[in-house]
Amino acid sequence: MSEHRSAEENARANHPGEQHSIYAQLGGEEFFEQLTREFYRRVQQDTEFAAMYPEEDLFPPEHLSAQEREAIDSRYADHFEASARRLKLFLIQYFGGPSTYQEERGHPRLRLRHNPYVIGVKERDIWLKHMRAAMDTMDIPMMLDDVMWDYFERAARAMQNSY
């Protein structure tokens, strides 16, 4: 992170060509793998909340053939593992990493994908509670934590479809 940069690197840090994505600053895929693993571990322990997670992908990628979708799905032990991978890929893409999510799944269409579920204040707050707890297990610099948390709060509010 920034404390490991030389004075020259710090002086150039505000130049657009020298800026690094949040994805890169946090260590890449490994960080998001750990974050989503921690998040889903908590979700699975919360049996009432875990029941909201469907056993099948309600919005499989339309641009892939049934065989291609099956090849992806067969790699995962259960629907939580598959959900964790989808969340990981989405977060990686959102925070400046590779666009694997878009390549595999198409446009995120978050509201559409979450619309079949009743997401009220309670569900939103539980999701945020589990994400905050997962984030708190990670070594995230305060400024990046603030940026990520701001996004999670805004996204959770946007997914809310019941009041």
Side-chain angles (χ1 to χ4, degrees), residues 21-23 25-64 66 68-163:
S21 67
I22 291 173
Y23 168 82
Q25 291 179 65
L26 292 173
E29 184 173 351
E30 184 178 324
F31 171 87
F32 290 95
E33 174 74 33
Q34 184 178 348
L35 177 65
T36 55
R37 192 177 334 111
E38 283 294 324
F39 172 75
Y40 274 97
R41 185 176 67 76
R42 286 166 169 73
V43 167
Q44 286 180 276
Q45 291 173 347
D46 184 338
T47 54
E48 182 180 346
F49 190 67
M52 289 184 61
Y53 283 77
E55 293 199 16
E56 64 184 70
D57 183 358
L58 298 181
F59 296 96
E62 296 169 359
H63 67 287
L64 299 179
E68 290 170 316
R69 289 192 303 263
E70 178 60 33
I72 291 171
D73 293 343
S74 67
R75 295 184 286 187
Y76 305 101
D78 62 31
H79 66 288
F80 286 109
E81 194 174 300
S83 292
R85 181 174 185 276
R86 289 190 297 267
L87 177 60
K88 175 187 82 171
L89 292 178
F90 171 76
L91 294 177
I92 284 172
Q93 180 173 307
Y94 183 83
F95 287 110
S99 59
T100 307
Y101 181 93
Q102 183 114 5
E103 292 161 14
E104 285 188 11
R105 306 217 24 100
H107 189 280
R109 303 181 299 182
L110 291 180
R111 294 250 332 148
L112 175 69
R113 292 180 197 267
H114 290 83
N115 202 42
Y117 314 104
V118 176
I119 303 173
V121 173
K122 177 183 174 186
E123 293 80 11
R124 178 200 70 201
D125 289 349
I126 291 170
W127 191 94
L128 285 169
K129 175 183 81 169
H130 293 313
M131 184 53 76
R132 180 73 260 168
M135 287 178 69
D136 288 345
T137 69
M138 311 290 292
D139 183 23
I140 307 172
M142 187 177 3
M143 187 182 327
L144 298 180
D145 187 287
D146 289 347
V147 170
M148 291 179 71
W149 187 244
D150 178 66
Y151 170 72
F152 290 138
E153 286 186 316
R154 286 183 294 109
R157 283 190 187 94
M159 297 307 104
Q160 190 176 332
N161 58 23
S162 176
Y163 300 90

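Keep in mind it's a predicted model, so treat the numbers as computed, not measured. When reading the values below, keep in mind they use all heavy atoms of this one structure, side chains included, and skip hydrogens, waters and symmetry mates. This chain uses plain numbering: 1 for the first residue, then up along the sequence.
Closest approach of A134 and F39 over heavy atoms only: CB-N, 3.5 Å. Across all non-hydrogen atoms, the minimal contact from Y117 to N161 is O-ND2, 2.8 Å. When all heavy atoms of E29 and I92 are compared, the closest pair comes out as CG-CD1, 3.8 Å. Looking at every heavy atom in both residues, Q93 comes nearest to Y101 through OE1-CB, 3.5 Å. For S21 against G96, the heavy-atom pair with the smallest separation is OG-O, 3.6 Å.
With contacts defined as side-chain heavy-atom distances shorter than 4.5 Å, the pair R41/Q45 qualifies.
When the salt bridge (charged side-chain N to carboxylate O under 4.0 Å, His left out) test is applied to R42, the partners found at least two apart in sequence or on another chain are E38.
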For residues 124-131, please give each side-chain donor-acceptor pair under 3.5 Å, one per line with the distance, not counting sequence neighbours.
unit_1 : atom_1 : unit_2 : atom_2 : d
R124   : NH1    : Q160   : OE1    : 2.7
H130   : NE2    : D46    : OD2    : 2.9

Could you tabulate the donor-acceptor pairs under 3.5 Å formed by side-chain atoms of residues 140-156, not counting sequence neighbours?
unit_1 : atom_1 : unit_2 : atom_2 : d
D145   : OD1    : R132   : NH1    : 3.1
D145   : OD1    : R132   : NH2    : 3.3
D145   : OD2    : R132   : NH2    : 2.8
W149   : NE1    : E153   : OE2    : 3.0
D150   : OD2    : R154   : NE     : 2.9
D150   : OD2    : R154   : NH2    : 3.4

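Under the 3.5 Å distance criterion, with hydrogens and angles disregarded, no donor-acceptor pair is assigned to the side chains of T100 and E104.
To the nearest 0.5 Å, atoms CG (L26) and CD (Q34) are separated by 11.0 Å. Atom OG1 of residue T137 and atom CG of residue L35 lie 7.0 Å apart, to the nearest 0.5 angstrom. Here the straight-line distance linking atom CD of E33 with atom CZ of R85 works out to 9.5 Å at 0.5 Å rounding. Expressed to the nearest 0.5 Å, how far CD1 of I119 lies from CZ of R157 amounts to 14.0 Å.
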Take L87 and Y40, measure what side chain to side chain contact (heavy atoms under 4.5 Å, CB included) needs, and give me the verdict at the end. CA-CA 10 Å; L87 177 60; Y40 274 97; 3.8 Å; yes

